[in-house]
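Report on the following structure.
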Amino acid sequence: MNNRFLIPLFLSLNLPSFSQEISFDRFLADSSMRYAAVSFCIINADSNNTIFDYNSSKSLIPASILKTITTSAALELLGPEYTFKTGLGYSGTLKKRSGRLSGNIIIQGGGDPALGSANFPETYSGFPDSWISEIKKLGIRKIEGRVITDDSYYDYLPVPAKWLWEDAGNYYGAGAYGLSVFDNTYEIHFQTTSDSTDLMITGISPEECRFEFSNWLVAAGTADRGYVFAAPYSTNGWLAGSIPVNTGDFVLKASIADPPLIMARALEQKLKSAGISVSLPPTTTRLMQSAISDEVIPIAGITSPPLRDIIKVLNQKSVNLYAETLLKQLGKVFKNKGSTESGIEVVKEFLEAAGINSEGMFLEDGSGLSPLDAVNARGMVSLLSYMKNRGKYFNDFYASMPAAGLEGTLKDYFKDPAFESRMKAKSGSMTRVRSYAGYITTMSGNNLIFCIIVNNYTGKSADIIAQIESILKEVIMSK
(Lines give C-alpha, C1' and ligand atoms only; values in the text may rest on other atoms or scores of the structure.)
Protein backbone atom coordinates (compact mmCIF):
# COMPACT_ATOMS: atom_id res chain seq x y z
CA MET A 1 0.00 0.00 0.00
CA ASN A 2 1.25 3.47 -0.86
CA ASN A 3 2.60 5.17 2.27
CA ARG A 4 0.65 8.26 1.30
CA PHE A 5 -2.54 6.60 2.54
CA LEU A 6 -1.26 4.85 5.67
CA ILE A 7 -3.04 5.91 8.85
CA PRO A 8 -0.46 6.93 11.48
CA LEU A 9 -0.38 4.80 14.61
CA PHE A 10 -1.68 6.07 17.93
CA LEU A 11 1.04 6.38 20.47
CA SER A 12 -0.79 5.41 23.65
CA LEU A 13 -3.33 2.69 24.29
CA ASN A 14 -4.81 4.85 27.04
CA LEU A 15 -5.76 7.67 24.70
CA PRO A 16 -8.71 8.02 22.33
CA SER A 17 -8.55 5.79 19.27
CA PHE A 18 -10.16 5.98 15.85
CA SER A 19 -11.41 3.31 13.48
CA GLN A 20 -9.38 2.15 10.51
CA GLU A 21 -12.07 3.74 8.34
CA ILE A 22 -11.27 7.18 9.74
CA SER A 23 -12.42 9.99 7.49
CA PHE A 24 -8.84 11.18 7.16
CA ASP A 25 -7.94 8.13 5.05
CA ARG A 26 -10.81 8.88 2.69
CA PHE A 27 -9.79 12.53 2.68
CA LEU A 28 -6.27 11.77 1.47
CA ALA A 29 -7.60 9.37 -1.17
CA ASP A 30 -9.99 11.97 -2.63
CA SER A 31 -9.13 13.10 -6.15
CA SER A 32 -9.06 16.75 -5.02
CA MET A 33 -6.06 15.89 -2.81
CA ARG A 34 -3.91 14.40 -5.57
CA TYR A 35 -1.47 17.33 -5.60
CA ALA A 36 -2.11 18.54 -2.07
CA ALA A 37 0.08 18.67 1.02
CA VAL A 38 -1.31 18.15 4.54
CA SER A 39 0.09 18.68 8.01
CA PHE A 40 -2.12 17.31 10.80
CA CYS A 41 -1.55 16.79 14.49
CA ILE A 42 -3.69 16.06 17.55
CA ILE A 43 -2.36 15.93 21.10
CA ASN A 44 -3.87 15.36 24.50
CA ALA A 45 -4.20 18.80 26.08
CA ASP A 46 -3.48 17.53 29.59
CA SER A 47 -0.60 15.10 29.01
CA ASN A 48 0.78 16.50 25.70
CA ASN A 49 0.89 12.93 24.37
CA THR A 50 0.40 12.64 20.63
CA ILE A 51 -2.93 11.19 19.56
CA PHE A 52 -2.61 11.49 15.80
CA ASP A 53 0.21 12.57 13.53
CA TYR A 54 0.43 12.99 9.78
CA ASN A 55 3.30 15.05 8.39
CA SER A 56 3.11 17.18 11.52
CA SER A 57 6.58 18.64 10.87
CA LYS A 58 5.86 19.61 7.26
CA SER A 59 5.78 23.41 6.95
CA LEU A 60 2.90 24.74 4.89
CA ILE A 61 1.19 28.06 4.20
CA PRO A 62 -1.01 28.64 7.27
CA ALA A 63 -3.16 31.64 6.27
CA SER A 64 -4.90 33.20 9.28
CA ILE A 65 -4.17 30.55 11.91
CA LEU A 66 -0.83 32.35 12.10
CA LYS A 67 -2.73 35.05 14.01
CA THR A 68 -2.74 32.73 17.02
CA ILE A 69 1.05 33.12 17.19
CA THR A 70 0.87 36.92 17.12
CA THR A 71 -1.99 37.15 19.61
CA SER A 72 -0.38 34.66 21.99
CA ALA A 73 2.84 36.69 22.05
CA ALA A 74 0.97 39.98 22.45
CA LEU A 75 -1.16 38.72 25.33
CA GLU A 76 1.70 37.11 27.20
CA LEU A 77 4.20 39.93 26.71
CA LEU A 78 1.96 43.02 26.90
CA GLY A 79 -0.85 41.72 29.10
CA PRO A 80 -4.63 41.77 28.55
CA GLU A 81 -5.08 45.25 30.08
CA TYR A 82 -2.60 46.89 27.71
CA THR A 83 -3.95 49.93 25.85
CA PHE A 84 -2.94 52.31 23.07
CA LYS A 85 -3.23 56.09 23.39
CA THR A 86 -3.88 58.79 20.78
CA GLY A 87 -3.34 62.42 21.70
CA LEU A 88 -4.61 65.80 20.50
CA GLY A 89 -2.69 68.98 21.25
CA TYR A 90 -1.47 72.25 19.86
CA SER A 91 1.85 73.96 19.30
CA GLY A 92 2.65 77.65 19.12
CA THR A 93 0.99 80.59 20.86
CA LEU A 94 -2.69 80.86 21.72
CA LYS A 95 -4.12 84.34 22.31
CA LYS A 96 -7.29 83.56 24.20
CA ARG A 97 -8.75 87.06 23.91
CA SER A 98 -8.77 86.95 20.13
CA GLY A 99 -9.06 83.16 19.85
CA ARG A 100 -6.08 83.11 17.50
CA LEU A 101 -3.67 80.17 17.52
CA SER A 102 -0.36 80.99 15.89
CA GLY A 103 0.66 77.39 15.51
CA ASN A 104 -0.72 73.97 14.64
CA ILE A 105 -3.22 71.41 15.86
CA ILE A 106 -1.31 68.16 16.39
CA ILE A 107 -2.78 64.64 16.30
CA GLN A 108 -0.31 62.33 18.01
CA GLY A 109 -0.57 58.74 16.75
CA GLY A 110 0.14 55.99 19.23
CA GLY A 111 -0.45 52.92 17.08
CA ASP A 112 -4.06 52.27 18.16
CA PRO A 113 -5.30 49.81 15.48
CA ALA A 114 -8.95 50.30 16.42
CA LEU A 115 -9.19 54.12 16.58
CA GLY A 116 -12.70 55.08 15.49
CA SER A 117 -13.58 51.48 14.60
CA ALA A 118 -17.22 50.42 14.40
CA ASN A 119 -16.11 47.28 16.23
CA PHE A 120 -15.88 49.35 19.43
CA PRO A 121 -18.74 51.89 19.33
CA GLU A 122 -18.74 52.56 23.06
CA THR A 123 -15.03 53.36 23.25
CA TYR A 124 -15.04 55.73 20.29
CA SER A 125 -18.51 57.22 20.67
CA GLY A 126 -18.39 60.85 19.55
CA PHE A 127 -14.92 60.54 17.99
CA PRO A 128 -13.63 62.85 16.58
CA ASP A 129 -16.44 65.37 17.24
CA SER A 130 -15.53 65.45 20.92
CA TRP A 131 -12.12 66.78 19.93
CA ILE A 132 -13.75 69.75 18.23
CA SER A 133 -15.65 70.48 21.43
CA GLU A 134 -12.41 70.48 23.43
CA ILE A 135 -10.75 72.81 20.92
CA LYS A 136 -13.70 75.20 21.13
CA LYS A 137 -13.54 75.14 24.93
CA LEU A 138 -10.05 76.63 24.67
CA GLY A 139 -11.56 79.53 22.76
CA ILE A 140 -9.72 78.77 19.52
CA ARG A 141 -11.50 80.43 16.58
CA LYS A 142 -8.69 80.89 14.10
CA ILE A 143 -5.70 78.67 13.42
CA GLU A 144 -2.79 80.36 11.70
CA GLY A 145 -1.18 77.08 10.84
CA ARG A 146 -2.47 73.63 9.96
CA VAL A 147 -3.62 70.29 11.26
CA ILE A 148 -0.67 67.90 11.46
CA THR A 149 -0.79 64.19 12.18
CA ASP A 150 2.34 62.92 13.87
CA ASP A 151 2.49 59.43 12.38
CA SER A 152 6.11 58.70 13.31
CA TYR A 153 5.24 56.14 16.00
CA TYR A 154 5.89 53.24 13.60
CA ASP A 155 8.04 53.05 10.50
CA TYR A 156 6.72 54.25 7.17
CA LEU A 157 6.43 50.75 5.70
CA PRO A 158 2.80 49.97 6.57
CA VAL A 159 2.39 46.89 4.36
CA PRO A 160 4.69 43.88 4.88
CA ALA A 161 7.03 43.47 1.93
CA LYS A 162 5.94 39.88 1.24
CA TRP A 163 2.23 40.62 0.72
CA LEU A 164 0.68 40.19 -2.72
CA TRP A 165 0.02 43.29 -4.82
CA GLU A 166 -3.52 42.02 -5.34
CA ASP A 167 -4.25 42.34 -1.62
CA ALA A 168 -2.75 45.68 -0.62
CA GLY A 169 -5.49 47.95 -2.01
CA ASN A 170 -8.41 46.01 -0.58
CA TYR A 171 -9.90 46.33 2.91
CA TYR A 172 -8.33 43.12 4.21
CA GLY A 173 -4.92 44.38 3.03
CA ALA A 174 -4.96 47.58 5.07
CA GLY A 175 -1.52 48.37 6.44
CA ALA A 176 -0.42 49.27 9.97
CA TYR A 177 0.40 52.98 10.37
CA GLY A 178 1.57 55.15 13.26
CA LEU A 179 -1.98 56.43 13.23
CA SER A 180 -4.74 54.18 11.90
CA VAL A 181 -8.37 55.27 11.79
CA PHE A 182 -11.74 53.71 10.92
CA ASP A 183 -10.04 50.33 10.39
CA ASN A 184 -8.08 52.02 7.56
CA THR A 185 -11.04 51.19 5.32
CA TYR A 186 -13.28 53.23 3.05
CA GLU A 187 -16.22 52.37 0.82
CA ILE A 188 -16.73 52.87 -2.90
CA HIS A 189 -20.44 52.76 -3.77
CA PHE A 190 -21.65 51.63 -7.20
CA GLN A 191 -24.88 51.33 -9.07
CA THR A 192 -24.95 48.78 -11.87
CA THR A 193 -27.40 47.65 -14.54
CA SER A 194 -27.37 44.58 -16.76
CA ASP A 195 -25.03 46.37 -19.15
CA SER A 196 -21.44 45.79 -18.12
CA THR A 197 -20.42 49.11 -19.65
CA ASP A 198 -22.88 51.02 -17.49
CA LEU A 199 -21.17 51.14 -14.12
CA MET A 200 -21.48 54.27 -12.00
CA ILE A 201 -19.62 55.30 -8.86
CA THR A 202 -22.29 56.94 -6.73
CA GLY A 203 -20.23 57.84 -3.68
CA ILE A 204 -17.06 57.55 -1.61
CA SER A 205 -17.25 57.22 2.18
CA PRO A 206 -15.57 58.95 3.88
CA GLU A 207 -15.38 61.62 1.19
CA GLU A 208 -11.82 62.56 2.22
CA CYS A 209 -10.66 59.24 0.71
CA ARG A 210 -11.66 60.22 -2.82
CA PHE A 211 -8.82 60.12 -5.33
CA GLU A 212 -8.19 59.29 -8.98
CA PHE A 213 -8.98 55.80 -10.26
CA SER A 214 -8.48 54.20 -13.63
CA ASN A 215 -11.61 52.09 -13.91
CA TRP A 216 -11.34 48.65 -15.51
CA LEU A 217 -14.12 47.27 -13.37
CA VAL A 218 -17.18 45.78 -15.11
CA ALA A 219 -20.58 44.56 -13.97
CA ALA A 220 -21.05 40.86 -14.68
CA GLY A 221 -22.72 37.89 -13.00
CA THR A 222 -23.75 37.80 -9.35
CA ALA A 223 -20.42 37.39 -7.52
CA ASP A 224 -18.12 40.03 -6.08
CA ARG A 225 -14.80 39.72 -7.88
CA GLY A 226 -13.84 43.36 -7.71
CA TYR A 227 -10.39 44.53 -6.64
CA VAL A 228 -8.80 47.85 -5.81
CA PHE A 229 -5.14 48.24 -6.73
CA ALA A 230 -3.40 51.02 -4.82
CA ALA A 231 -0.13 51.25 -2.93
CA PRO A 232 0.28 52.80 0.54
CA TYR A 233 0.64 56.59 0.41
CA SER A 234 -0.42 56.64 -3.26
CA THR A 235 -2.73 59.30 -4.70
CA ASN A 236 -4.16 57.18 -7.51
CA GLY A 237 -4.95 53.59 -8.33
CA TRP A 238 -7.20 51.44 -10.44
CA LEU A 239 -10.23 49.19 -10.19
CA ALA A 240 -10.35 45.80 -11.88
CA GLY A 241 -12.45 42.65 -12.00
CA SER A 242 -16.22 42.45 -11.85
CA ILE A 243 -19.08 43.24 -9.49
CA PRO A 244 -22.69 41.99 -9.68
CA VAL A 245 -25.18 43.35 -12.20
CA ASN A 246 -28.44 45.12 -11.33
CA THR A 247 -27.41 46.50 -7.96
CA GLY A 248 -29.01 49.50 -6.31
CA ASP A 249 -26.04 50.10 -4.02
CA PHE A 250 -23.04 47.79 -4.23
CA VAL A 251 -20.16 48.53 -1.86
CA LEU A 252 -16.54 47.73 -2.63
CA LYS A 253 -14.34 48.09 0.46
CA ALA A 254 -10.83 49.39 -0.02
CA SER A 255 -7.85 50.16 2.20
CA ILE A 256 -7.11 53.82 2.93
CA ALA A 257 -3.78 54.66 1.29
CA ASP A 258 -2.75 57.28 3.86
CA PRO A 259 -4.82 57.09 7.08
CA PRO A 260 -2.77 59.74 8.93
CA LEU A 261 -3.41 62.27 6.16
CA ILE A 262 -7.09 61.31 5.98
CA MET A 263 -7.38 61.90 9.74
CA ALA A 264 -5.79 65.34 9.38
CA ARG A 265 -8.15 66.22 6.52
CA ALA A 266 -11.19 64.97 8.38
CA LEU A 267 -10.35 67.00 11.49
CA GLU A 268 -9.70 70.10 9.40
CA GLN A 269 -13.12 69.75 7.75
CA LYS A 270 -14.79 69.42 11.14
CA LEU A 271 -12.95 72.50 12.39
CA LYS A 272 -14.16 74.53 9.42
CA SER A 273 -17.70 73.21 9.83
CA ALA A 274 -17.55 74.40 13.44
CA GLY A 275 -16.59 77.90 12.28
CA ILE A 276 -12.89 77.59 13.09
CA SER A 277 -10.70 78.75 10.21
CA VAL A 278 -7.44 77.01 9.28
CA SER A 279 -4.98 78.92 7.13
CA LEU A 280 -2.81 76.08 5.75
CA PRO A 281 -3.64 72.65 4.31
CA PRO A 282 -3.39 69.55 6.53
CA THR A 283 -0.32 67.33 6.47
CA THR A 284 1.65 64.62 8.30
CA THR A 285 5.14 64.35 9.70
CA ARG A 286 5.95 61.88 6.92
CA LEU A 287 5.09 64.47 4.28
CA MET A 288 6.91 67.18 6.22
CA GLN A 289 9.93 64.86 6.45
CA SER A 290 10.53 66.14 9.95
CA ALA A 291 9.41 65.52 13.50
CA ILE A 292 7.31 67.90 15.58
CA SER A 293 9.99 70.11 17.09
CA ASP A 294 7.79 72.50 19.07
CA GLU A 295 6.30 71.73 22.47
CA VAL A 296 2.87 70.14 22.14
CA ILE A 297 0.34 71.28 24.72
CA PRO A 298 -2.27 68.56 25.39
CA ILE A 299 -5.91 69.24 24.57
CA ALA A 300 -7.52 65.80 24.69
CA GLY A 301 -6.76 62.13 24.28
CA ILE A 302 -8.42 58.84 23.69
CA THR A 303 -7.50 55.40 25.01
CA SER A 304 -8.14 52.17 23.12
CA PRO A 305 -10.09 49.20 24.47
CA PRO A 306 -7.91 46.78 26.46
CA LEU A 307 -5.80 44.38 24.45
CA ARG A 308 -8.02 41.40 25.38
CA ASP A 309 -10.96 43.08 23.59
CA ILE A 310 -8.91 43.97 20.53
CA ILE A 311 -7.59 40.40 20.32
CA LYS A 312 -11.10 38.98 20.64
CA VAL A 313 -12.25 40.95 17.58
CA LEU A 314 -8.97 40.14 15.84
CA ASN A 315 -9.39 36.37 16.18
CA GLN A 316 -13.17 36.29 15.83
CA LYS A 317 -13.25 38.37 12.63
CA SER A 318 -9.69 37.63 11.51
CA VAL A 319 -8.72 41.31 11.19
CA ASN A 320 -5.34 41.52 9.46
CA LEU A 321 -4.81 45.18 10.39
CA TYR A 322 -5.03 44.45 14.12
CA ALA A 323 -2.58 41.56 13.86
CA GLU A 324 -0.03 43.59 11.90
CA THR A 325 -0.30 46.45 14.38
CA LEU A 326 0.25 44.13 17.36
CA LEU A 327 3.34 42.76 15.64
CA LYS A 328 4.74 46.27 15.18
CA GLN A 329 3.82 47.17 18.75
CA LEU A 330 5.83 44.25 20.06
CA GLY A 331 8.79 45.58 18.10
CA LYS A 332 8.18 49.10 19.39
CA VAL A 333 7.95 48.07 23.04
CA PHE A 334 10.74 45.49 23.17
CA LYS A 335 13.10 46.60 20.38
CA ASN A 336 12.31 50.34 20.28
CA LYS A 337 11.44 50.01 16.61
CA GLY A 338 7.90 49.79 15.31
CA SER A 339 8.48 47.60 12.29
CA THR A 340 7.36 44.24 10.99
CA GLU A 341 10.89 42.88 11.17
CA SER A 342 11.47 43.91 14.79
CA GLY A 343 8.10 42.46 15.77
CA ILE A 344 8.97 39.12 14.18
CA GLU A 345 12.21 39.09 16.19
CA VAL A 346 10.21 39.50 19.39
CA VAL A 347 7.76 36.75 18.41
CA LYS A 348 10.61 34.33 17.66
CA GLU A 349 12.18 35.11 21.03
CA PHE A 350 8.81 34.48 22.68
CA LEU A 351 8.52 31.09 20.97
CA GLU A 352 12.03 30.15 22.00
CA ALA A 353 11.39 31.14 25.62
CA ALA A 354 8.19 29.06 25.54
CA GLY A 355 10.17 26.01 24.42
CA ILE A 356 8.48 25.83 21.03
CA ASN A 357 10.58 24.61 18.11
CA SER A 358 10.31 27.42 15.57
CA GLU A 359 12.77 26.02 13.04
CA GLY A 360 9.89 25.08 10.76
CA MET A 361 8.17 28.44 11.17
CA PHE A 362 8.86 31.05 8.51
CA LEU A 363 7.20 34.32 9.53
CA GLU A 364 6.83 37.25 7.15
CA ASP A 365 3.99 39.10 8.87
CA GLY A 366 1.64 38.91 11.84
CA SER A 367 -1.62 38.02 10.12
CA GLY A 368 -0.85 35.15 7.74
CA LEU A 369 -1.76 37.13 4.63
CA SER A 370 1.64 36.57 3.04
CA PRO A 371 1.86 33.42 0.90
CA LEU A 372 5.49 33.12 2.06
CA ASP A 373 4.50 32.41 5.66
CA ALA A 374 4.93 28.77 6.64
CA VAL A 375 4.26 26.81 9.83
CA ASN A 376 3.62 23.18 10.70
CA ALA A 377 0.91 21.47 12.70
CA ARG A 378 3.36 20.27 15.37
CA GLY A 379 4.53 23.78 16.12
CA MET A 380 0.98 25.10 16.23
CA VAL A 381 -0.30 22.51 18.71
CA SER A 382 2.80 23.11 20.84
CA LEU A 383 1.93 26.81 20.97
CA LEU A 384 -1.71 26.13 21.86
CA SER A 385 -0.58 23.67 24.52
CA TYR A 386 1.78 26.27 25.99
CA MET A 387 -1.03 28.80 26.19
CA LYS A 388 -3.36 26.32 27.90
CA ASN A 389 -0.92 24.84 30.37
CA ARG A 390 1.62 27.57 31.03
CA GLY A 391 0.26 30.80 29.61
CA LYS A 392 -0.61 33.54 32.10
CA TYR A 393 -3.64 34.68 30.15
CA PHE A 394 -5.14 31.55 28.65
CA ASN A 395 -8.71 32.49 29.57
CA ASP A 396 -8.48 35.64 27.46
CA PHE A 397 -6.81 33.76 24.62
CA TYR A 398 -9.40 30.98 24.66
CA ALA A 399 -12.26 33.52 24.77
CA SER A 400 -10.92 35.12 21.59
CA MET A 401 -11.24 31.89 19.58
CA PRO A 402 -14.48 31.47 17.59
CA ALA A 403 -16.89 28.80 18.82
CA ALA A 404 -17.77 26.22 16.17
CA GLY A 405 -21.01 27.03 14.37
CA LEU A 406 -21.68 30.13 16.46
CA GLU A 407 -19.11 32.90 16.23
CA GLY A 408 -16.89 34.86 13.91
CA THR A 409 -15.30 33.02 11.01
CA LEU A 410 -16.77 29.70 12.21
CA LYS A 411 -20.35 30.96 12.43
CA ASP A 412 -21.41 29.24 9.21
CA TYR A 413 -19.31 26.10 9.64
CA PHE A 414 -19.17 23.11 12.01
CA LYS A 415 -22.89 23.47 12.68
CA ASP A 416 -23.43 19.77 13.35
CA PRO A 417 -24.73 19.35 16.94
CA ALA A 418 -21.65 17.27 17.72
CA PHE A 419 -19.55 20.45 17.70
CA GLU A 420 -21.78 22.45 20.03
CA SER A 421 -19.76 23.69 23.01
CA ARG A 422 -16.98 21.24 22.07
CA MET A 423 -14.71 23.15 19.73
CA LYS A 424 -13.09 26.56 19.61
CA ALA A 425 -10.64 27.22 16.82
CA LYS A 426 -9.01 29.79 14.56
CA SER A 427 -9.56 29.28 10.87
CA GLY A 428 -7.38 30.22 7.93
CA SER A 429 -8.18 30.56 4.26
CA MET A 430 -6.69 31.84 1.04
CA THR A 431 -6.49 30.48 -2.48
CA ARG A 432 -5.84 26.69 -2.25
CA VAL A 433 -5.27 26.95 1.52
CA ARG A 434 -7.55 25.83 4.36
CA SER A 435 -6.43 25.51 7.95
CA TYR A 436 -7.82 25.15 11.48
CA ALA A 437 -6.13 25.16 14.86
CA GLY A 438 -7.77 24.99 18.26
CA TYR A 439 -9.25 23.04 21.13
CA ILE A 440 -11.69 20.11 21.20
CA THR A 441 -13.47 18.27 23.98
CA THR A 442 -14.55 14.76 22.94
CA MET A 443 -17.83 13.11 23.90
CA SER A 444 -15.87 10.98 26.35
CA GLY A 445 -14.45 14.06 28.06
CA ASN A 446 -10.93 14.12 26.66
CA ASN A 447 -9.44 17.58 26.06
CA LEU A 448 -7.52 17.71 22.79
CA ILE A 449 -5.52 20.26 20.82
CA PHE A 450 -5.40 20.00 17.05
CA CYS A 451 -4.11 21.66 13.91
CA ILE A 452 -4.75 20.74 10.29
CA ILE A 453 -3.27 22.64 7.33
CA VAL A 454 -4.12 21.78 3.72
CA ASN A 455 -2.34 23.35 0.75
CA ASN A 456 -2.77 23.04 -3.02
CA TYR A 457 -5.97 21.02 -3.22
CA THR A 458 -8.07 21.10 -6.36
CA GLY A 459 -11.82 21.35 -6.54
CA LYS A 460 -14.14 23.39 -4.36
CA SER A 461 -13.06 24.79 -1.01
CA ALA A 462 -16.49 23.94 0.37
CA ASP A 463 -15.80 20.25 -0.26
CA ILE A 464 -12.45 20.43 1.55
CA ILE A 465 -14.07 22.14 4.52
CA ALA A 466 -16.82 19.52 4.62
CA GLN A 467 -14.25 16.72 4.72
CA ILE A 468 -12.30 18.46 7.50
CA GLU A 469 -15.57 18.79 9.42
CA SER A 470 -16.14 15.06 8.99
CA ILE A 471 -12.65 14.26 10.32
CA LEU A 472 -13.03 16.51 13.36
CA LYS A 473 -16.50 15.19 14.08
CA GLU A 474 -15.06 11.69 14.20
CA VAL A 475 -12.45 12.98 16.63
CA ILE A 476 -15.19 14.40 18.87
CA MET A 477 -17.18 11.16 18.74
CA SER A 478 -14.13 9.05 19.62
CA LYS A 479 -13.89 7.06 22.85
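Heavy-atom basis, side chains included; hydrogens, waters and symmetry copies ignored. Along the sequence shown, residues are numbered consecutively beginning with 1.
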Start with the C-alpha distance between F213 and W238, add both sets of side-chain angles, then the distance that settles ring-ring contact (aromatic ring centres under 6.0 Å, His included), and finish with yes or no.
CA-CA 5 Å; F213 283 116; W238 67 87; 9.9 Å; no
Worked check of side chain to side chain contact (heavy atoms under 4.5 Å, CB included) between T284 and L287
CA-CA 5 Å; T284 68; L287 292 171; 3.5 Å; yes
Would N376 and S57 count as a side-chain hydrogen bond (donor to acceptor under 3.5 Å, both in side chains) if you check the C-alpha gap in whole Å, the side-chain angles of each, and the deciding distance to 0.1 Å?
CA-CA 5 Å; N376 54 61; S57 295; 5.6 Å; no
Give the C-alpha distance, both sets of side-chain angles, the deciding distance and a yes or no for side chain to side chain contact (heavy atoms under 4.5 Å, CB included) between S255 and N184.
CA-CA 6 Å; S255 62; N184 292 352; 5.7 Å; no
Using the side chain to side chain contact (heavy atoms under 4.5 Å, CB included) rule, take T409 and Q316 through it: C-alpha gap first, then chi angles, then the decisive distance, then the call.
CA-CA 6 Å; T409 56; Q316 291 273 332; over 6 Å; no
Go through I143 and R100 one step at a time and tell me if the side chain to side chain contact (heavy atoms under 4.5 Å, CB included) criterion holds.
CA-CA 6 Å; I143 299 169; R100 179 179 297 175; over 6 Å; no
Evaluate the criterion salt bridge (Lys or Arg N to Asp or Glu O under 4.0 Å) for residue pair E208 and R265; output intermediate values, then yes/no.
CA-CA 7 Å; E208 290 83 6; R265 287 176 178 171; over 6 Å; no
Are F394 and Y439 close enough, and set up right, to give a ring-ring contact (aromatic ring centres under 6.0 Å, His included), and what steps lead you there?
CA-CA 12 Å; F394 175 68; Y439 303 92; 5.4 Å; yes
For a side-chain hydrogen bond (donor to acceptor under 3.5 Å, both in side chains) check, start with the C-alpha distance between T93 and S102, then their side-chain angles and the critical distance, and finish with the verdict.
CA-CA 5 Å; T93 303; S102 298; over 6 Å; no
Stepwise salt bridge (Lys or Arg N to Asp or Glu O under 4.0 Å) test for E207 and R210
CA-CA 6 Å; E207 182 65 27; R210 181 181 293 275; 2.6 Å; yes
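In this pair, Y82 and F84 present their aromatic rings perpendicular. The plane angle is above 60°, beyond the 30 to 60° band. The aromatic rings of F229 and Y227 sit tilted relative to each other, their planes meeting at an angle between 30° and 60°.
Of the possible donor and acceptor atoms, none in the side chain of S242 sits under 3.5 Å from a partner among the backbone N and O of V218. Judged by distance alone, with hydrogens and angles left aside, the side-chain atoms of D167 form no donor-acceptor pair with the main-chain N or O of W163 at under 3.5 Å. S385 places no side-chain N or O within 3.5 Å of a backbone atom of V381 that could act as its donor or acceptor partner. Judged purely by atom type and a 3.5 angstrom limit, N170 uses its side chain to pair as donor or acceptor with the backbone of V228.
At least one side-chain heavy atom of Y186 sits under 4.5 Å from a side-chain heavy atom of P206. Annotation: side chain of C451 is in contact with side chain of I453 (closest heavy-atom distance under 4.5 Å). Between T70 and Y322 there is no side-chain heavy-atom pair separated by less than 4.5 Å. With contacts defined as side-chain heavy-atom distances shorter than 4.5 Å, the pair I243/L199 qualifies. Side-chain contact between I299 and I135 is present, with heavy atoms from C-beta onward closer than 4.5 Å. In this structure, the side chains of K67 and N320 come closer than 4.5 Å at one or more pairs of heavy atoms. Looking only at side-chain heavy atoms (C-beta outward), I132 and L267 come within less than 4.5 Å of each other. Between V296 and Q108 there is a side-chain heavy-atom pair separated by less than 4.5 Å.
K272 has a carboxylate O that lies under 4.0 Å from a charged side-chain N of E268, or vice versa, which qualifies the two as a salt bridge. By the 4.0 Å N-to-carboxylate-O rule, D129 lies close enough to K270 to be salt-bridged with it. Between K348 and E345, no side-chain nitrogen of the basic residue sits less than 4.0 Å from a carboxylate oxygen of the acidic one, so the salt-bridge criterion is not met.
Within 6.0 Å of CG on N336 lie no more than 12 heavy atoms contributed by other residues, nucleotides or ligands. The local environment of CD in E134 is crowded, with over 12 non-hydrogen atoms from other residues, nucleotides or ligands closer than 6.0 Å. K415 NZ: more than 12 foreign heavy atoms inside a 6.0 Å radius. No more than 12 heavy-atom neighbours from other residues, nucleotides or ligands sit within 6.0 angstrom of NZ on K337. No more than 12 heavy atoms of other residues, nucleotides or ligands lie within 6.0 Å of CH2 in W216, so this atom counts as exposed by the packing criterion.
Remark: the S64 side chain and the S318 side chain contain an N/O donor-acceptor pair separated by less than 3.5 Å. There is a side-chain donor-acceptor pair under 3.5 Å between S339 and S342. For R146 and T283, the side-chain atoms include no donor-acceptor pair closer than 3.5 Å. T83 and K85 are linked by a side-chain donor-acceptor pair at a separation below 3.5 angstrom, with hydrogens and angles left out of the test. Counted by atom type alone, Y153 and Q329 present one or more donor-acceptor pairs between their side chains at under 3.5 Å. No hydrogens or angles considered: nothing links the side chains of S370 and D365 as a donor-acceptor pair under 3.5 Å. In the model, E324 has a side-chain atom that pairs as donor or acceptor with a side-chain atom of S367 under 3.5 Å. A donor-acceptor contact closer than 3.5 angstrom is absent between the side chains of N104 and Y90. Side-chain contact annotation: D183 with Y171, donor-acceptor N/O pair under 3.5 Å absent. Under 3.5 Å, the side chains of T149 and D151 contain no donor-acceptor pair of N or O atoms.
Here the straight-line distance linking atom CG of L321 with atom OG1 of T185 works out to 7.5 Å at 0.5 Å rounding. Rounding to the nearest 0.5 Å places OG1 of T303 at 9.0 Å from CG of D112. Put simply, CD1 on I61 and OG1 on T431 are 10.0 Å apart, with the number rounded to the nearest 0.5 Å. For the atom pair Q191 CD and T202 OG1, the distance stands at 6.5 Å (nearest 0.5 Å). Between the CD atom in E76 and the CZ atom in R390 there is a gap of 10.0 Å [rounded to 0.5 Å]. Here the CG atom belonging to L179 is positioned 5.5 Å from the CG atom belonging to L115, to the nearest 0.5 angstrom.
Aromatic rings from Y436 and F414 are positioned such that their centres are separated by under 6.0 Å.
Residue D155 forms a salt bridge (charged side-chain N to carboxylate O under 4.0 Å, His left out) with just one option from K335, R286, K332, K328, and that option is K328. Partner of Y177 under the ring-ring contact (aromatic ring centres under 6.0 Å, His included) criterion, out of F182, Y154, Y156, Y233: Y233 alone.
Residues forming a side chain to side chain contact (heavy atoms under 4.5 Å, CB included) with S56 (at least two apart in sequence, or on another chain): C41, D53, R378.
Taking the centre and axis of the six-membered ring of Y398, the NZ or CZ atom of K388 falls outside the cone set by 45° and 6.0 Å.
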